[in-house]
Amino acid sequence: MKAEKQIKSWVIDLVKELYQHELVDQDITVKQTPKNFVGQYTIVVFPFTRFSKKSPPQTAEELGEKLKLDNPLVKDFSVEKGFLNLDMEDAFWIAQLQAFAKNPEFWRKPKKNETFIVEFSSPNTNKPLHLGHIRNILLGWSMSQILEIEGYDVFKTQVVNDRGIAICKSMLAWNQFADGKTPESEGIKSDHFVGDWYVKFNQELANEYEQWQNSNEGEEAFEEHGKDQSKDAFFKSYSNKYFNIHSAIGKQAREYLLKWENGDPEIKALWEKMNNWVYAGFETTYKNLGVSFDGTDYESQTYLLGKSVVEKGLQADTFYKEADGSIWVNLEDVGLDKKIVLRSDGTSVYITQDIGTAMERYKDQKFKKMIYVVGDEQEYHFKVLFEILKKLDEPYVDGMYHLSYGMVDLPTGKMKSREGTVVDADVLMEEVVEEARKAAEENGAIEDLNTDEKSDVLRKIGMGALKFFMIKINPKKRMVFDPKQSVDMQGQTGPYIQNAYVRIQSILRKTNLAEQAPFDTHVPTDLEKEILAYLGSFSKTISMAADTNDPSLIANYAYQLAKNFHRFYHEHRILNADTEAAISFRLELSNRTAIILAEAMRLLGIEMPERM
RNA sequence: GGUCCCUUAGCUCAACUGGAUAGAGCAGCUGCCUUCUAAGCAGCAGGUUUCAGGUUCGAGUCCUGAAGGGAUCACCA
């Protein structure tokens, strides 16, 4: 199962013997041979010509001869330009398949005893989770699973932004307009309930603003600051200032915030009540998404952590004080800007809190590595954060990584809450399961299941479609989310992969795997060899996904494997193959394929149904 | 304007980190269900990898420049 590694070690020995040159694994490229050539593994020999002092084909020929002679597992070889294609003996493939039974989780790496923190999701508490969060959560979750396989002790955490002006807006609107209504009384999911009051606030603000625009004060502001802009453009750009300077309702919201910071009991109680509604709602959404966390940091508890940071920075002369009392760090020597870390009024800014949180986490966990799953619009922020930590000589800084992912767009453009084009996570999940139900009704394969079993299967299929659709795309790419495509169940989709698994389970139910004859006399077909070789490359794929922080590699692997299996299923009989050995071999091959498919999907947070 | 990211088939994406003739799916067209689940398989068609140079045995991948799109450059979070 470590075939490629084994071939590399052969090559290393051979090159040493023939050309007296020391190679390491990384110098050698071994890959699966493309379809239109004979053989299963290909060695790229171009790089060896430097010290073989022969043409690429000659070098390949020479290596091939010797490999074949020395290794009984190499049946034959062929040379095409600088590529050496190896055709392996049947015994080699039999041994590959047998090896799975000895090491059923061969892709799992030994424990490293190192803590790896993965921070993801990071919602605000003033509105429900949306499509963008789903991408974030899927990435974070799946990186966690992958790193766990790589041998880390993974600690999954989220930062909840539970304080600030946003939640105060919801609180204010609820206080003024809700008349004591609750999520229970209205029958609304509780995070949506709180979000609705946030929307209500913004509506009130918009009304107020519109009236003000036509008032004398509004006219004056336009005269004074509008310059050569159109009225519309000016008022659009002025809205923040309006909120902070003129708005009555805005003033009230800020008073809420001030009272909160001063520990006003009434406001604190309201704040707690509304946040608890939100948490209850998030809990449901997380559960439906199939994710959980090992810890949660609330900003209300971490936003003061900045103080110790500032002290440390001033002591180390990393930070300096301006005349007005604000504290800064100068990062111009590493090509960045100056950055404030403490306001003149002594309050901390966002980055200060991040530094504090990192230090706190290190104190608690002694983590070796940490990933922040955060959108790419914050790339600069994290560059600055890491540089500051470096200047502060924090020991863990080299293990920190910002897993930056592109925004999720709709076919109609950006998601904008003001324009009501935000795709809500809960609504989306419902839709996608509903779509699975329609598809299942059409083909009727699960009619005989009871209601619970059926809804379980439909949930797995619908969520599988949605999750796969999002996770198969390279994280750093901005993606277009087409709702129609996200519910597709055919082609390069989650259900396509689930279907391969279900087909295998259906076969395995008809027989007893443990009672099969030995398969060592079976002569494997080209396709069987191809699948076996591909199964073996699962470890490599996981490692690469871990190294590049890219779960989409696993998604593509799973798709490719499922595709190979579907083809195999059509081209070969399994249960009624010609010989006992063939039946046994194919059953075991199918069994291992199913196990690896399920594992690959598990790493992506996708469950397999047994029927569909 | 500075910095960073993206650009591959009509659309959505791959390409094992520099390897062979750039692959899938969707959409379109053709076949295949009395044989292990047709959410499947096989086939047709679709490409100057945005453009111009460079590096080398070899470039979608690396370098330089250009064009188009995006992000960021707050005493916001």
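Quick note on labels: first sequence line is chain A, next is B, and so on, each numbered from 1. Every value quoted in this text rests on a predicted model; they were computed, and no experiment measured them.
- In this structure, of A77(B), A39(B), C75(B), it is A39(B) that holds the atom nearest to the side chain of Met612(A).
- Distance from the side chain of Val480(A) is smallest to U12(B) among C41(B), U12(B), A77(B).
- Backbone-only contact: Leu553(A) has heavy atoms under 4.0 Å from sugar-phosphate atoms and none from a base.
- Atom name P, nucleotides A27(B) and G40(B): the rounded distance is 11 Å, in whole Å.
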TODO: Let me have a per-nucleotide readout for nucleotides 30-36 of chain B, 5' to 3', with B, S or -, counting only protein heavy atoms under 4.0 Å.
DONE: -----BB
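- Of the nucleotides present, none pairs with U34(B) by Watson-Crick or G-U wobble criteria with both distances under 3.5 Å.
- Heavy atoms of other residues, nucleotides or ligands lying less than 6.0 angstrom from CD of Glu377(A) number more than 12.
- The phosphate of G70(B) (OP1 or OP2) has no side-chain N or O of Lys476(A) nearer than 4.0 angstrom.
- In this structure, the separation between CZ on Arg611(A) and CG on Leu449(A) is 4.5 Å, given to the nearest 0.5 Å.
- Residue Ser552(A) is the one, among Ser348(A) and Ser552(A), whose nearest nucleotide of RNA chain B lies closer to the 5' end (criterion: closest heavy atom).
- The side chain of Arg343(A) lies closest to A77(B), out of A77(B), A71(B), G25(B).
- Aromatic rings from Phe201(A) and Tyr198(A) are positioned such that their centres are separated by 6.0 Å or more.
- Both geometric conditions, a ring-centre gap below 5.5 Å and a plane tilt below 30°, are fulfilled for Phe83(A) over the base of A20(B).
- U8(B) and U48(B) have their C1' atoms separated by 12 Å, given to the nearest Å.
- Proximity note for Met544(A) (side chain, C-beta onward) versus C13(B), U17(B), G19(B): the nearest is U17(B).
- Out of U21(B), C57(B), A39(B), the shortest distance to the side chain of Asn36(A) is found at U21(B).
- Residue contacts shown for Pro34(A) include a base, since a base heavy atom lies under 4.0 Å away.
- The side-chain heavy atoms of Met601(A) and Lys467(A), taken from C-beta on, include no pair separated by under 4.5 Å.
- Residue Asn443(A) places at least one side-chain N or O under 4.0 Å from the OP1 or OP2 atom of A39(B).
- Counting atom types as modelled, Thr42(A) pairs a side-chain N or O with a base atom of A20(B) as donor and acceptor under 3.5 Å.
- Among the nucleotides U17(B), C4(B), A71(B), the one closest to the side chain of Thr548(A) is U17(B).
- OP1 or OP2 of A14(B) has at least one side-chain nitrogen or oxygen of Lys477(A) nearer than 4.0 Å.
- Side-chain polar atoms of Tyr19(A) and Glu62(A) form a donor-acceptor pair below 3.5 angstrom.
- Residues satisfying the ring-ring contact (aromatic ring centres under 6.0 Å, His included) test with Phe468(A), not counting sequence neighbours, are none.
- Listed nucleotides: A39(B), A74(B), G70(B). Nearest to the side chain of Ala439(A): A39(B).
- The side chain of Val44(A) sits closest to G19(B) out of A24(B), A20(B), G19(B).
- The distance between atom NZ of Lys414(A) and atom P of G70(B), rounded to the nearest whole Å, is 8 Å.
- Rounded to whole Å, the separation between the C1' atoms of C73(B) and G60(B) comes to 31 Å.
- Distances shorter than 4.0 Å separate some side-chain N or O of Tyr496(A) from OP1 or OP2 on C41(B).
- Annotation for Arg509(A): atom CZ counts as buried by contact number, over 12 foreign heavy atoms lying within 6.0 Å.
- Other residues, nucleotides and ligands contribute more than 12 heavy atoms inside 6.0 Å of the CD atom of Glu332(A).
- Dashed line: the shortest gap from a side-chain N or O of Lys35(A) to OP1 or OP2 of A20(B) is not under 4.0 Å.
- OP1 or OP2 of U21(B) sits under 4.0 Å from a side-chain N or O of Lys81(A).
- Set against C75(B), C16(B), A39(B), the side chain of Ile461(A) has A39(B) as its closest nucleotide.
- When heavy atoms are screened at a 4.0 angstrom cut-off, Asn85(A) is found touching base atoms of the nucleic acid.
- Positionally, the nearest nucleotide of RNA chain B for Leu84(A) lies more toward the 5' end than for the other of Asn499(A) and Leu84(A).
- At a cut-off of 3.5 Å, with distance as the only test, a side-chain donor of Thr296(A) or Gln158(A) sits close to an acceptor on the other residue.
- G46(B) and U12(B): their C1' atoms are spaced 15 Å apart (whole Å).
- Across all strands shown, G43(B) forms a Watson-Crick or G-U wobble pair, both distances under 3.5 Å, with C29(B).
- Within the nucleic acid shown, Glu299(A) comes within 4.0 Å of sugar-phosphate atoms alone, with no base atom in reach, counting heavy atoms only.
- Closest approach to the His566(A) side chain among G40(B), A24(B), A14(B) is made by G40(B) (side chain taken as heavy atoms from C-beta onward).
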